[in-house]
Amino acid sequence: MLHESRGPSKSINQKQNMCEAVIALKRYADLWLYDEASKDQSSSYPSFCRRALRTTTRSNVASLALATSPFQFSSGYCSKTCIPSRLKLVSTTCYATLSAVVKPQESAFDGKEAALLVDELRTSFNTGRTRSYEWRISQLQNIAKMIDEKEKCITEALYQDLSKPELEAFLAELSNTKSSCMLAIKELKNWMAPETVKTSVTTFPSSAQIVSEPLGVVLVISAWNFPFFNEPCDIARKLILDKILSVEPVIGAISAGNAVVLKPSEIAPATSSLLAKLFSEYLDETTIRVVQGGVPETTALLDQKWDKIFFTGGARVGRIVMAAAAKNLTPVVLELGGKCPALVDSDVNLQVAARRIITGKWACNNGQACIGVDYVITTKDFAPKLIDALKTELKTFFGENPLKSKDVSRIVNSFHFKRLESMMKENGVANKIVHGGQTVEDKLKISPTILVDVPEESSMMQEEIFGPLLPVITVSKIEDGFQVIRSKPKPLAAYLFTDNKVLQNRFVENVSAGGMGINETVLHVTLKDLPFGGVGESGIGAYHGKFSYETFSHKKGVLYRSFDGDSDLRYPPYTPEKKRVLKALLSSDIFGAILAFFGFSKDS
Ligand code: NAD
């Protein structure tokens with residue numbers, strides 16, 4: 001088993017070499033891991049990788065990785081022997097070794113490499129290969145195939161990232177992405193078909209069309225998570241979902257005929273590596289790539305000129321992305337987050353409302369979801385009933401001790417755990433907890449927590465919570481809730497629970513949000529005919545279904561004329577008669593135009 005970092009041997013004294021050795025090590029880690037998971041050791045890896053796979057059983061993993069890399073290194077910084085049958089462990093330790101030996105500044109993917117990559121993809125794009133219907137369909141079909149065939153590998157990658165074995169809902173999520181792919185395959189001909197539009201008398205005789213064209217080389221940057229559930233899920237499933245759903249914008253980019261680079265989130269390295277491997281295995285490498293990494297790699301990518309940048313993440317990084325894009329006038333889609341409110345009237349079916357709120361909060365990645373319920377607003381009178389119903393249903397969903405429930409996700413990392421914990425401990429907040437509030441730091445678990453009327457100036461009410469804390473804000477009458485929502489930046493989603501149609505209409509008309517659910521949470525995102533995106537602080541642009549295709553297309557207006565019917569009305573010399581005819585034509589006054597044509601005026 002690989003064990004520790006002892007520093008490089010004398011023969012390894014160049015940083016770059018070390019870095020490349022580490023990359024080789026990581027690559028082997030990925031290969032071992034995924035091949036073991038899929039029992040597919042015969043694929044078309046380079047021969048040195050296959051050799052590595054064959055000899056794993058009797059070798060020191062590190063020296064094998066290093067020795068089979070292009071650089072003949074000693075096994076200086078990895079020791080002990082591997083346990084052949086436990087390749088997962090090998091992989092885990094490779095990652096541990098990696099984190100020990102790779103300094104953040106030794107990014108393997110720098111500006112130079114990013115420029116080369118974009119250049120390469122632009123050259124391929126310029127050959128026109130991505131424009132054809134056949135290329136697009138074949139890539140989409142390969143994505144569908146990849147999802148079908150590699151389900152198990154993805155499951156394994158998830159396990160590696162988060163040690164979470166619960167994958168029951170995984171299939172459903174995969175099939176969700178697959179259904180996006182199948183929709184694109186089914187509709188692509190229609191989407192690509194030019195749309196004929198009306199012409200006017202000024203261009204008579206003519207025809208006109210809106211023609212979609214690809215933008216060129218596009219960049220997709222993903223977050224680690226993505227909300228999608230109406231059922232209990234755990235962080236592991238969530239991560240997989242993100243990784244798979246980071247494919248969703250790629251489906252749009254490919255459908256629209258672009259070359260594309262995907263930069264998945266570094267927070268889940270095994271799933272990122274898997275995507276990189278699967279993309280190179282299944283998709284056209286000359287036009288579709290995955291770049292793994294964190295801030296340095298993303299920065300290197302953002303320094304390049306792209307034809308569109310599609311970013312999913314927080315508003316802080318969204319601003320960095322937009323500033324970088326502005327230098328090249330690159331259009332952006334920003335899929336951000338925000339504080340999503342749920343306004344609850346007193347005429348609701350209490351049990352159903354409570355269940356759906358719980359689903360949109362704790363059963364949605366324990367609150368770590370961009371369209372999850374961030375806070376609830378209800379009337380002072382109704383709040384106790386609603387809170388009681390929430391407590392009852394929470395118990396039904398997650399049992400007496402939700403910290404032990406496999407259906408309550410853990411917090412993604414200790415940074416976010418501490419952030420949430422300090423939110424709860426803030427002055428004037430800690431005493432507002434009416435349910436939950438328990439934490440287990442070493443397991444990164446926080447129980448579903450309800451608070452009532454926390455101060456408006458607390459970070460819980462000023463920042464996106466992105467965790468299992470649910471503040472309930474009380475108002476005198478339900479309409480006052482509109483003002484609470486409007487006092488904050490526009491959310492990605494807003495929810496209303498009421499049977500009152502008038503209130504429903506007022507909510508839809510008067511509350512601005514990326515999307516809405518009336519008597520429902522989160523589920524609107526599953527409808528492919530609804531655009532999904534934010535407004536204001538929650539984002540720019542939208543995707544899903546045909547909207548994904550349009551997001552990555554330019555709509556080009558084209559006028560068609562023949563050489564017939566060429567009138568000299570528009571040509572100099574300009575005469576009063578021509579002016580009269582043109583004026584009549586432009587105001588659709590056919591009778592006036594005919595008169596003017598024959599030298600008469602309507603008034604004469
Ligand atoms: P994040 O903004 O921290 O990271 C997103 C991406 O940006 C990652 O790929 C990361 O590598 C990169 N990045 C991070 N810092 C960077 C920097 N300084 N320069 C350049 N690139 C950088 O977001 P996250 O923590 O991964 O996700 C949580 C946020 O994303 C929440 O606010 C959530 O609401 C939002 N989100 C939105 C959607 C949506 O569809 N609208 C979906 C999922 C998550």
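Counting starts at 1 for both ligands and their atoms, following the listed order.
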field: Polar atom proximity, H416 to ligand 1 (N or O, under 3.5 Å)
entry: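 Such a contact does not occur with ligand 1.
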Contact (N/O only, under 3.5 Å) between E464 and ligand 1: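 Among all N and O atoms of E464, at least one is under 3.5 Å from an N or O of ligand 1.
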Close approach, S265 and ligand 1, non-hydrogen under 4.0 angstrom: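 S265: in contact with ligand 1 (<4.0 Å).
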- prompt: Counting only heavy atoms not in K327, do more than 12 fall under 6.0 Å of its NZ?
  reply: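 Open: at most 12 neighbouring heavy atoms sit under 6.0 Å from NZ of K327.
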- prompt: Would the number of heavy atoms belonging to other residues, nucleotides or ligands and lying under 6.0 Å from CG of D529 be above 12?
  reply: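 Counting neighbours around CG of D529, 12 or fewer heavy atoms of other residues, nucleotides or ligands fall under 6.0 Å, so no.
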query: What is the ring orientation for H544 with F532, classed by angle as parallel under 30°, tilted 30 to 60°, or perpendicular over 60°?
result: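 Geometry flag for F532 against H544: parallel rings.
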Numbered atoms and elements of ligand 1 in range of [X], under 4.0 angstrom, heavy atoms:
{"X": "G337", "result": "34 (O)"}
{"X": "F532", "result": "40 (O)"}
{"X": "K263", "result": "8 (C), 9 (O), 10 (C), 11 (O)"}
{"X": "E335", "result": "37 (C), 38 (C), 39 (C), 40 (O), 41 (N)"}

query: Is it the side chain, the backbone, both or neither of S222 that has a heavy atom closer than 4.0 Å to ligand 1?
result: backbone
Give the single entry among [options] that approaches [atom] most closely by any heavy atom.
{"atom": "atom 21 (N) of ligand 1", "options": "L336, T312, T298", "result": "T298"}
{"atom": "atom 13 (N) of ligand 1", "options": "V525, D374, L492, V317", "result": "V317"}
{"atom": "atom 35 (C) of ligand 1", "options": "G318, A315, G313", "result": "G313"}
{"atom": "atom 1 (P) of ligand 1", "options": "G314, S538, G338", "result": "G314"}

- prompt: Does E248 reach the main-chain N or O of S180 with its side chain, forming a donor-acceptor pair under 3.5 Å?
  reply: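 Not confirmed, E248 side chain does not pair with S180 backbone.
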task: Could you tell me whether a side-chain N or O of K263 sits under 3.5 Å from a main-chain N or O of Q292, the two making a donor and an acceptor?
output: no
- prompt: Does E285 have any side-chain contact (heavy atoms from CB on, under 4.5 Å) partners at least two apart in sequence or in another chain, and if so, which?
  reply: S280, R289
query: Without hydrogens or angle criteria, can the side chains of D407 and S405 be said to hold a donor-acceptor pair below 3.5 Å?
result: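 No.
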Listed once per pair and sorted, the salt bridge (Lys or Arg N to Asp or Glu O under 4.0 Å) pairs that draw on residues 300-309, sequence neighbours left out: R122-D307
